Amino acid sequence: MRRGRESPWQLADNEQFAPNVVLVTQIAPTPTWTHPLFGADFFTLLRILTRHGALPPRVWPLVAAGLAASLGRAPFSLVETVWAKKRLRRLGAIPPPVFILGHWRSGTTHLFNLLSRDPAFAWVDPIASGLPWDFLLLGRWLRPLLHRALPADRYIDRVKVTPDMPQEDEIGLAAMQTLSYYHGLYFPRHFATEYRRGVFLDEVAQKTVRRWEQRCRFYNEKLLLAKMGDGGDEWAPAGRTLLIKNPVYTARVAQLRTIWPDARFIHIVRNPYVVYRSTRRFYQALLPKLALQPYAPDVAEQAILEGYPRMMAQLAADTADLPPNRFVTLRFEDLEASPLAQLAHLYQQLELPGFAAARPRFAAYLETVRDYRKGRHDFPPECVAKVDRHWQAEVRALGYTVPQ
């Protein structure tokens, strides 16, 4: 278990942050009927529900449907688990993964989408994200139906969701065990607790950490099986390296290195003033779709302000001994200005093969997003003051100023 700070989270004027207090101003939950918890196994879903207390009657039908779906999939999940574990034992150790790190809204998705065009990589697709226990067998049979059920775009921005769009592994893992910051989005009365647990492993029992590590390894290794098809006793040349993007891992590199000692890490940074404003919108967009309990409009504010500097400090500590061919930092603004040059630099520094072969694919993807327009942010004085007060050291270290 990793110990957190000794002091509780602090609000302005030194008020104590009580994560389970129901505030006066509450927003009623209106979760989507394609909720990520529908992909959970029955026992994980039951543990998650019982740990987070009462739910309002308006979400009971959705929860009941989720429990019924998990029971209906149980035989298929068991068959897939037995089959996958047997095959993985025969195939042996996998190549070291490549991880994309960075605080939410730092440009991790854009970099992930770009790198995923290289056929050497395997990654989580929307079906694997929604059906983590079942995407190899049942998910393959249901794929045409599931593709039609995909949303038009992500809840948090106008980025389209397509069958070949890579996803974080966090949503899938949140449906496989009880450790995930996403559980704070599902049960926002416990947001602060779940955020600290899921990002920093605060007050998490060792057996819970070990279960997460086992299921994380199993889930991500199944992605390589999906790339291989039905035959072969060796890892396929194409798609044999895992490409994993998850902002949570920015604070958990040390843990990842215990699972994959030779993994490579790409850290992307962005102007902290933009990160702050965009992260606020991120939670404002996700909570209405995912929350199963009433929540305060500013329920995530302290997590944003407290979490960013702590995440950066933990990353620095966890990567201090990594050589240049294992860890690289990239600025989002540089990636926007000269994407192919920055990708060439990444491949060279991390000693990744295949840039020349993948370059046309990168260029083709960049052409498809050429007309994409990012959301515009204003920077009122009170927001600038918050970043200056809470993130001043990080702003200085990264060399950014308030955007004009």
Side-chain angles (χ1 to χ4, degrees), residues 34 97-102 104-130 135 139 143-172 223 226-227 238-247 266-271 274-275 278 281-282 285-286 289 328 330-348 350 352-377:
T34 56
V98 175
F99 289 93
I100 297 174
L101 313 174
W104 292 269
R105 314 307 296 156
S106 291
T108 55
T109 297
H110 180 49
L111 178 59
F112 192 24
N113 289 341
L114 255 176
L115 287 175
S116 70
R117 300 306 94 186
D118 185 341
F121 289 124
W123 30 263
V124 180
D125 67 16
I127 306 304
S129 176
F135 66 89
R143 189 167 291 268
L145 176 64
L146 295 172
H147 283 172
R148 288 196 293 271
L150 292 176
D153 54 39
R154 303 196 312 166
Y155 300 138
I156 57 176
D157 49 33
R158 297 185 300 275
V159 175
K160 293 180 180 180
V161 175
T162 62
D164 66 342
M165 179 182 177
Q167 306 291 312
E168 296 176 11
D169 64 352
E170 186 71 19
I171 290 180
L223 300 174
K227 282 279 188 177
R240 67 189 300 269
T241 299
L242 289 166
L243 179 66
I244 304 171
K245 171 257 188 179
N246 190 337
I266 305 168
H267 178 217
I268 185 167
V269 298
R270 191 179 188 181
N271 190 312
V274 176
V275 169
S278 190
R281 291 185 182 180
F282 168 81
L286 277 185
K289 300 291 186 180
V328 61
L330 168 68
R331 292 168 75 94
F332 173 74
E333 295 80 6
D334 294 339
L335 182 63
E336 273 198 315
S338 54
L340 293 176
Q342 292 300 315
L343 291 181
H345 171 70
L346 289 180
Y347 274 70
Q348 181 180 24
L350 294 178
L352 294 170
F355 174 76
R359 192 181 191 280
R361 295 173 179 264
F362 297 146
Y365 172 77
L366 289 168
E367 189 66 23
T368 67
V369 298
R370 184 176 59 177
D371 296 329
Y372 175 74
R373 295 292 180 264
K374 302 188 301 295
R376 298 186 64 180
H377 301 283

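If you're wondering where the values come from, they're calculated on a predicted model, not measured in any experiment.
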Between CG on residue Leu346 and CD1 on residue Ile100, distance to nearest 0.5 Å: 9.0 Å
Over all atoms of both residues, closest heavy-atom pair of Ser278 and Arg105: OG-NE, 2.8 Å
Sole residue of Leu243, Leu242, Ile244 in side chain to side chain contact (heavy atoms under 4.5 Å, CB included) with Leu223: Leu242
Listed once per pair and sorted, the salt bridge (Lys or Arg N to Asp or Glu O under 4.0 Å) pairs that draw on residues 107-118, sequence neighbours left out: Arg117-Asp164
Candidate pair Leu114 and Leu335, rule side chain to side chain contact (heavy atoms under 4.5 Å, CB included), full reasoning: CA-CA 10 Å; Leu114 255 176; Leu335 182 63; 4.1 Å; yes
Nearest-0.5 Å distance that lies between atom CG in Leu330 and atom CG in Leu101: 12.0 Å
Non-hydrogen atoms of Val98 and Phe121 that approach each other most closely: CG2-CE2, 4.0 Å
Test ring pair (Phe, Tyr, Trp, His ring centres under 6.0 Å) applied to Phe112 - qualifying residues, sequence neighbours left out: none
Taking every non-hydrogen atom, the tightest pair across Gln167 and Met165: NE2-O, 3.2 Å
Gap between atom CD of Glu170 and atom NZ of Lys245 - 0.5 Å precision: 10.5 Å
Gap separating the OG1 atom of Thr108 from the CD atom of Glu168, nearest 0.5 angstrom: 6.5 Å
Closest contact, heavy atoms only, Phe135 versus Ala226: CE1-CB, 4.2 Å
Euclidean distance, Ile268 CD1 relative to Thr109 OG1, rounded to 0.5 Å: 9.5 Å
Reported CH2-to-CG distance for the pair Trp123 and Leu115, which is rounded to 0.5 angstrom: 12.0 Å
Neighbour count above 12 (heavy atom, 6.0 Å) for Arg359 CZ: no
Residue pair Leu340 / Leu366, side-chain heavy-atom distance below 4.5 Å: yes
Plane angle bin for Phe332 and His110 - parallel if under 30°, tilted between 30 and 60°, otherwise perpendicular: perpendicular
Glu333 atom CD, neighbour heavy-atom count above 12 within 6.0 Å: yes
No-hydrogen, no-angle side-chain donor-acceptor test under 3.5 Å, Gln342 and Asp334: no
